[in-house]
Amino acid sequence: MIEVPKLNFQETVNKIVKFIKEMVENSKANGVVIGLSGGIDSSVTTVLCVKALGKENCLGIIMPTSFTPKEDIEDAEFLVQQLGIKVERINIDALSEIFLKTLKVDLKEHKIPAANIKARIRMIILYYYANIENRLVVGTSDKSERLIGYFTKYGDGGADFMPIAHLYKTQVRELAAYLGLPSRIVNKPSSPQLYPGHKAIDELPLDYNELDKVLVGLFDLKLSPKEIEKLTGIPLNKILIVLERFNATQHKRELPKFIL
């Protein structure tokens with residue numbers, strides 16, 4: 001049996017808060033900018049940033065599209081109101097349309113590249129506010145997403161630091177409950193929403209409860225895929241897909257290489 005390690009919640013919070021403070025202080029920044037999606041990762045990250053820096057030093061940016069679910073926008077707005085942080089709201093439809101028309105994008109043939117444009121537009125907006133206010137951009141990716149490369153390079157993967165990138169998705173959900181986030185956010189299915197109806201489960205080989213066990217087996221316990229299959233009952237072909245995803249996306253987790 002493989003289990004995702006249980007967190008000491010207060011110790012985890014203290015460690016992350018210290019990390020956030022050090023990143024901002026060492027950079028002589030005025031605070032942070034965070035993209036608010038209404039999802040679990042951005043919500044947990046924002047709460048931790050407020051604990052570390054105070055609400056006055058945290059700027060949230062809500063960047064919906066015409067197909068962003070109403071409940072996601074409502075949850076992002078709820079978080080802003082509960083925490084009392086400053087916020088900017090920018091609908092990115094017009095910016096996306098300019099890119100798609102200029103590049104003559106065929107949405108049927110290039111659905112994912114077109115979706116990634118939206119993620120990169122959001123990154124540009126975050127860095128615009130970071131530049132004009134001398135802030136750092138906070139990344140909201142978790143360990144599960146990082147290990148399988150489930151993020152857009154220089155999109156949501158573009159940030160100055162990532163406070164929860166050492167936590168698996170299931171750990172982030174448990175931490176969210178500990179921090180007192182509403183159950184509708186804690187239990188919300190992951191959905192990048194880069195195109196209408198976009199859900200993580202449609203693109204991942206396993207749901208996060210099983211995926212995290214495979215990742216723990218591969219990278220924490222250093223087990224072979226066959227050993228993981230035996231211990232979890234998860235089909236070997238699914239485990240091999242996870243490992244293949246890790247290997248194929250190594251470049252996304254590294255700085256650009258150059259000749260020394």
Side-chain angles (χ1 to χ4, degrees), residues 5 12 15-35 41-42 45 48-49 52-53 61 99 102-103 105 110 112-169 171-172 192 194 200 203-205 211-212 214-225 227-228 239-260:
T12 300
K15 182 178 180 181
I16 295 173
V17 163
K18 182 174 182 286
F19 171 68
I20 294 169
K21 285 181 178 177
E22 288 176 348
M23 288 300 302
V24 173
E25 289 171 2
N26 292 343
S27 302
K28 294 182 171 52
N30 293 332
V32 295
V33 179
I34 314 157
D41 290 337
S42 70
T45 301
L48 293 169
C49 284
L53 306 171
I61 313 290
F99 273 95
T102 302
L103 297 173
V105 175
H110 298 129
I112 299 304
N116 286 335
I117 286 174
K118 292 181 176 63
R120 293 181 175 122
I121 286 172
R122 290 185 171 119
M123 180 273 294
I124 290 169
I125 292 170
L126 292 174
Y127 270 100
Y128 168 73
Y129 282 100
N131 287 167
I132 64 174
E133 299 189 9
N134 187 33
R135 297 175 183 264
L136 296 181
V137 173
V138 183
T140 63
S141 292
D142 58 57
K143 188 172 183 177
S144 306
E145 294 169 345
R146 300 291 299 173
L147 284 174
I148 61 170
Y150 193 57
F151 59 92
T152 300
K153 195 172 184 177
Y154 303 120
D156 53 322
D160 295 313
F161 66 100
M162 297 189 173
I164 63 168
H166 63 301
L167 301 178
Y168 291 105
K169 178 74 79 177
Q171 292 176 319
V172 175
L194 295 179
E203 298 178 318
L204 300 178
L211 175 63
D212 284 355
V214 171
L215 294 173
V216 168
L218 288 172
F219 301 107
D220 293 358
L221 303 178
K222 310 298 182 186
L223 300 175
S224 70
E227 288 173 316
I228 295 170
I239 298 168
L240 291 174
I241 290 172
V242 172
L243 185 56
E244 182 183 340
R245 287 267 188 111
F246 170 78
N247 290 328
T249 58
Q250 186 64 30
H251 67 96
K252 298 176 79 171
R253 293 179 292 274
E254 297 176 346
L255 291 171
K257 295 188 181 301
F258 56 91
I259 298 172
L260 296 173

Under-4.0 Å salt bridge between R135 and D160: no

Look at atom CZ of F19 and say whether more than 12 heavy atoms of other residues, nucleotides or ligands are closer to it than 6.0 Å. yes

Is it the case that over 12 heavy atoms from other parts of the model lie below 6.0 angstrom from the CD atom of E244? no

Where do [X] and [Y] come nearest, in terms of heavy atoms and distance?
X    : Y    : result
V137 : G158 : CG1-O, 4.1 Å
I239 : P225 : CD1-O, 3.6 Å
S27  : L136 : OG-CD1, 3.6 Å
R253 : L147 : NH1-O, 3.0 Å
F151 : S141 : CB-OG, 4.3 Å
G139 : T45  : O-CG2, 4.0 Å

Distance from [X] atom [atom1] to [Y] atom [atom2], nearest 0.5 Å?
X    : Y    : atom1 : atom2 : value
D41  : L167 : CG    : CG    : 9.5 Å
L215 : L243 : CG    : CG    : 10.0 Å
K15  : H166 : NZ    : NE2   : 5.5 Å
I121 : N116 : CD1   : CG    : 11.0 Å
K153 : E254 : NZ    : CD    : 8.5 Å
L218 : L223 : CG    : CG    : 8.0 Å

Test side chain to side chain contact (heavy atoms under 4.5 Å, CB included) applied to T249 and I148, step by step: CA-CA 7 Å; T249 58; I148 61 170; 5.7 Å; no

Using side-chain heavy atoms (C-beta onward) and a distance below 4.5 Å, is [X] in contact with [Y]?
X    : Y    : answer
P113 : V105 : no
D142 : Q171 : no
K252 : R146 : no
K169 : L211 : no
I112 : E203 : yes

Kindly indicate, with the supporting measurements, whether the criterion side chain to side chain contact (heavy atoms under 4.5 Å, CB included) is fulfilled by I117 and L103. CA-CA 11 Å; I117 286 174; L103 297 173; 4.0 Å; yes

Return the orientation label for the F246 and F219 ring planes: parallel under 30°, perpendicular over 60°, tilted otherwise. tilted

Could you walk me through whether D212 and K143 pass the salt bridge (charged side-chain N to carboxylate O under 4.0 Å, His left out) test, one step at a time? CA-CA 9 Å; D212 284 355; K143 188 172 183 177; over 6 Å; no

Take F161 and I20, measure what side chain to side chain contact (heavy atoms under 4.5 Å, CB included) needs, and give me the verdict at the end. CA-CA 8 Å; F161 66 100; I20 294 169; 4.0 Å; yes

Side chain to side chain contact (heavy atoms under 4.5 Å, CB included), that's the test. Do R245 and L204 meet it? Break it down for me. CA-CA 10 Å; R245 287 267 188 111; L204 300 178; 3.9 Å; yes

Donor-acceptor contact below 3.5 Å, side chain N30 vs main chain E133: yes

Distance alone, cut at 3.5 Å: any donor-acceptor contact between the side chains of D156 and Y150? no

